Amino acid sequence: MKRKYQPEEVELKWQAVWAQSDLYRSDPDARPKFYSLEMFPYPSGRIHMGHVRNYAIGDVIARYKRMRGFNVLHPMGWDAFGLPAENAAIKEGVHPARWTHDNIAYMKKQLIRLGLSYDWSREVATCEPEYYRWNQWFFLKMFEKGLAYRKASFVNWCPSCATVLANEQVIDGRCWRCESVVVQKELEQWFLRITAYEDELLAALENLSGWPEKVRVMQKNWIGRSEGLEISFPVEGSRDEILVFTTRADTLFGAKFVCLAPKHPMAEKFFEAGNKAGREALEKIREHYGKMEEKHGLFTGHYAINPVNDERIPIYVANFVLMEYGTGAIMSVPAHDQRDFEFAQKYGLPLKTVIRLGDAKEAQALPEGAFEDDGVLVESGPFSGLSSAEARRKISEYIEAKARGRRVINYRLRDWGISRQRYWGTPIPMIYCQRCGVVPVPEKDLPVVLPEDVRFTGKGGSPLAEAEDFINVSCPSCGGRARRETDTMDTFVDSSWYYARYCSKAGGTALDKADIAYYMPVDQYVGGVEHAVLHLLYSRFFMRVIRDLGFTPISEPFERLLTQGMVCMETIRCPEHGWLYPFEVERDRCSRCGSPVERGRTEKMSKSKRNIVDPDQLIKTYGADTARLFSLFAAPPERDLEWSEKGVEGAYRFLQRIFNFVYDNLEILKAQAPAFKPGEKTQPLVRKTHQTIMRVTRDIEREYHFNTAIAAMMELVNAITAFAPSGPEDAWQLRFAVEKMLLLLAPFCPHMAQELWEALGMASDIHLERWPEYDEDAAREEQVELVVQINGKVRARVMVSPGLTDEEIKDMALSEPRIKEAIVGKDIKNVFAVKGKLVNIVAR
RNA sequence: GCGAGAGUGGCGGAACUGGCAGACGCGCUGGACUUAGGAUCCAGUGGGGAAACCUGUAGGGGUUCAAAUCCCCUCUCUCGCACCA
């Protein structure tokens, strides 16, 4: 009775064995370590194809490195705090803890079903007190070091729900629930001083050679370092001064007005409480602040003095000037800055050209816009004639010498506001005492546990703010009545150090120094580009805090980073029913109304476009090995992947062919000794096997190009199935090829490889086997094709033995009859030979 | 607008430092086995041509004995940033 490939049967069998034998558990030992990590998921309910791809990539790396003899740490956990759990509580009345734990249980089953080689003994869920107590501990340490502090800051506020909204709950400026217009409200909040590390975070990017250039550039822009000059502009008729920041000191002589941010203290001063009309006008400008729209300005009635030429220029309040960057005030040079140009146009302000391109003498027509490039200075007093770069230096020196300002470096990066007016997060371990002020929770009192018994209404403040038992405490310092902080931490705090927690099982401390020393840093991190800035930057920041707390000398958490592409699929629309799921289409028609469907463009899988594949369905139909194989075969990991049902079937067919071949030839294969005969290297199938090992190894090592590695394996399988053994004498070649092929397949399709490994009579676990070695001599072809070109066009092909000298192959090429014929009557100008495989004859 | 990346058969994608364009898979065509084929196996498959041969990697120029690959210009697409002074 012939055995049929039934993936579910095979896969469940081995998953049970692996779980039972703890096969993927890692503990420090004498071997070199390899830490393979994928971004842990938010437990949203079910995994999606993006997860499948992400974890398949990480799993191949982990399994491959394990076979290469590394002690591989490959953990998994849950980014378990977050807003959706709270939304579910509001909408469906399920407690966030319950919702989260149910989701984790389901998703964990899904991950196990994919055959991923995790060490589950290291699983963490960030919503467990055992985890978040260390968030609190890190927070206290940072507070001690001045890295955590409190200041007023704005939040999104829905006046109707009387609650704070996260950015993702604000849709087109309106509340996601009631559609009221969202306003900005100022609250006291906690910040982490990431800016203390801004220089280091920026400089170290240069050395992150294992990271994609793209991500490094994004972080660099995010940190946004710029060198410039701070200049004091005296306010006419008063002792006040306005400090501005500019990177274009060379345009200083062209400054025609000064603009203040609406919240600038001087704006406040210019429009004092008594000035009712002025106050109203100022409030109006403030409403336009931070919005990407037309520029709005308000003349203050005051003038500033340009320190280089004593020119008297008006002071405005402008909505486009940011209080958070630089000094909150700018000098405006309308001729050389587009924004200032637009502002000047609107308010009829003059402009003055002080930079010209090269030797252009004639006046350049301006109305089109500002000239923002560097050039040569004109009408700039003693600095006229200098280049922009020189002028920036000279003018800066001049300003500094006159004590009117100083050179400074500004960063776009702001401190990290971590306060969230939410329930489902880590409580910030702080207490407010009327007598002692802000008092940290003593370390011995950690964790500050999130109370379970709270109400979720979606209205009013955070549910914590109404939890009286939680709020009311006695002050740790004076023992008097005090209140707890009710804000919780941004969940990015949780994910900023989880990778370190995985390798540290110690219960009594945040991290175990010895374990960190062994496992850190992460050797390969895999995840989506969407975390290119925030998560990855916060993690780099946290690693440095951890370092400075004395846990480790390591600064960078992730040695190598792979950002995988998105999983995309064709979109399908019915003119009547809109977007359709793939299963709603039958023979190009809508299964509900029978209208012909329109096939749209390929886009990222999303529920709203319905171009999704359900991993559960996929695995049920084809099995985990096929799901993994196709995910890895259809594109290299860093590129977008186009999902294709037909392609999945192709992957399934490939596995089926292997399975059928092994079972069809089991007698022959098993009759062979597991060790192959030495000295038989010239056999074609053996050669192909060595070549395949070489290619697969090289493709994995070279940027994890699994797609070409799989293509090589497919070629080998084609060669294996085409091989007809003439008898027992050469059947050993088959045995050899199949055995190696299974070893190569093991990281990609772990169940199939193990099943057939066992079928061959092997007692060992294939995943504990060593990655096969190749022999370059055995891989070398006996004959190679020599391409002969005349003037760059292929004119003949000759089989030659490899290793001939350039002279020898040139001679062979020239003596080839077809070549002789083709060059009759022509002059041979030159002959080029390439590495024994190509000859180009130049003949005229 | 600025920054990054990418454009190769009907499709997904190969081609290490310039050296046979199209590996591998999908689809398609023909055949075999079949009551049947949407199963399996075999053969073919960039375009033109009966063939020799010509032509072809977004478009145009250039460098080179030789260009998908290097240089210049143009076009298209994707992603990121976007009043950061």
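Everything numeric in this text was worked out from a predicted model, so none of it was measured. In the text below, chain A, chain B and the rest are named by the order of the sequence lines, each starting its count at 1.
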Please give the distance between the [atom1] atoms of [N] and [M] as a whole number of Å.
N	M	atom1	result
B:C72	B:G1	C1'	23 Å
B:U78	B:A39	C1'	40 Å
B:G49	B:G5	P	42 Å
B:U69	B:A6	P	13 Å
B:C11	B:U45	C1'	14 Å
B:C26	B:C41	P	10 Å
B:A67	B:C33	P	49 Å
B:C77	B:C65	P	38 Å

(message) B:G25, OP1 or OP2 - any side-chain N/O from A:N718 closer than 4.0 Å?
(response) yes

(message) Quick check on B:U55: is either OP1 or OP2 less than 4.0 Å from any side-chain nitrogen or oxygen of A:K793?
(response)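 Result: yes.
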
By the 4.0 Å heavy-atom rule, please label [X] as base, sugar-phosphate, or nothing.
X	result
A:S332	nothing
A:V321	base
A:R414	base
A:G650	sugar-phosphate
A:T246	sugar-phosphate
A:R216	nothing
A:V834	base
A:E324	nothing
A:N410	nothing

Return the value, rounded to whole Å, for the distance between atom [atom1] of [X] and atom [atom2] of [N].
X	N	atom1	atom2	answer
A:K604	B:U78	NZ	C1'	14 Å
A:E603	B:C77	CD	C1'	13 Å
A:L260	B:C83	CG	P	19 Å
A:H264	B:A85	NE2	C1'	13 Å
A:D664	B:U40	CG	P	14 Å
A:K646	B:C26	NZ	P	10 Å
A:E570	B:G27	CD	P	15 Å
A:N660	B:C41	CG	P	9 Å

(request) By nearest nucleotide on RNA chain B, pick out whichever of A:Q789 and A:E649 is the more 5' one. (result) A:Q789

(request) Report the residue (A:R795 or A:T721) whose heavy-atom-nearest nucleotide on RNA chain B is the more 5′ of the two. (result)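 With A:R795 and A:T721 compared, the 5'-side residue is A:T721.
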
If you check every side-chain atom of [X], which of [options] has the closest atom?
X	options	result
A:R653	B:U40, B:C20, B:A85	B:U40
A:R412	B:C54, B:A82, B:G27	B:A82
A:E715	B:C20, B:C41, B:C24	B:C24
A:L838	B:A85, B:C20, B:C83	B:C20
A:F245	B:C20, B:C54, B:A85	B:A85

(message) Please tell me whether A:T805 and A:E808 have a donor and an acceptor in their side chains that are separated by less than 3.5 angstrom.
(response)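 Present: a donor and an acceptor within the cut-off.
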
(message) Ignoring hydrogens and geometry beyond distance, is a side-chain donor-acceptor pair present between A:R225 and A:N410 at under 3.5 Å?
(response) no

Is it true that [X] and [Y] have ring centroids separated by less than 6.0 Å?
X	Y	answer
A:F633	A:F748	no
A:Y411	A:Y325	no
A:W416	A:Y538	yes

(message) At less than 3.5 Å, do the side-chain atoms of A:K829 and the base atoms of B:C65 form a donor-acceptor pair?
(response) no

Can you tell me how far [atom2] of [Y] sits from [atom1] of [X], rounded to the nearest 0.5 angstrom?
X	Y	atom1	atom2	result
A:L537	A:M218	CG	CE	11.0 Å
A:R216	A:L202	CZ	CG	11.5 Å
A:N54	A:L562	CG	CG	9.0 Å
A:H336	A:Q338	NE2	CD	12.5 Å
A:E294	A:F320	CD	CZ	12.0 Å

(message) Closer than 4.0 angstrom, basic N to acidic O: yes or no for A:E715 and A:K688?
(response)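 Here A:E715 pairs with A:K688 in a salt bridge, since their nearest N and O are under 4.0 Å apart.
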
(request) Output yes when A:D640 and A:K604 qualify as a salt bridge under the 4.0 Å nitrogen-oxygen rule, no when they do not. (result)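 Salt bridge: no.
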
(request) Any chance you could list the contact pattern along nucleotides 1-17 of chain B? Use B for base contacts, S for sugar-phosphate-only contacts and - for none, protein heavy atoms under 4.0 Å, 5' to 3'. (result) --S--------BSSS-B

(message) Can you list everything that forms a side chain to side chain contact (heavy atoms under 4.5 Å, CB included) with A:K793? Sequence neighbours excluded, please.
(response) A:R795

(request) Would you mind calling B:G9 syn or anti? Take O4'-C1'-N9-C4 for purines or O4'-C1'-N1-C2 for pyrimidines, and syn is within 90° of 0. (result)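 Chi for B:G9 falls in the syn range.
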
(message) Given a 3.5 Å cut-off on both pairing distances, which stems involving RNA chain B, each at least three consecutive Watson-Crick or G-U pairs, are present, if any?
(response) B:1-7 with B:75-81, B:10-12 with B:24-26, B:27-32 with B:40-45, B:46-48 with B:53-55, B:58-62 with B:70-74

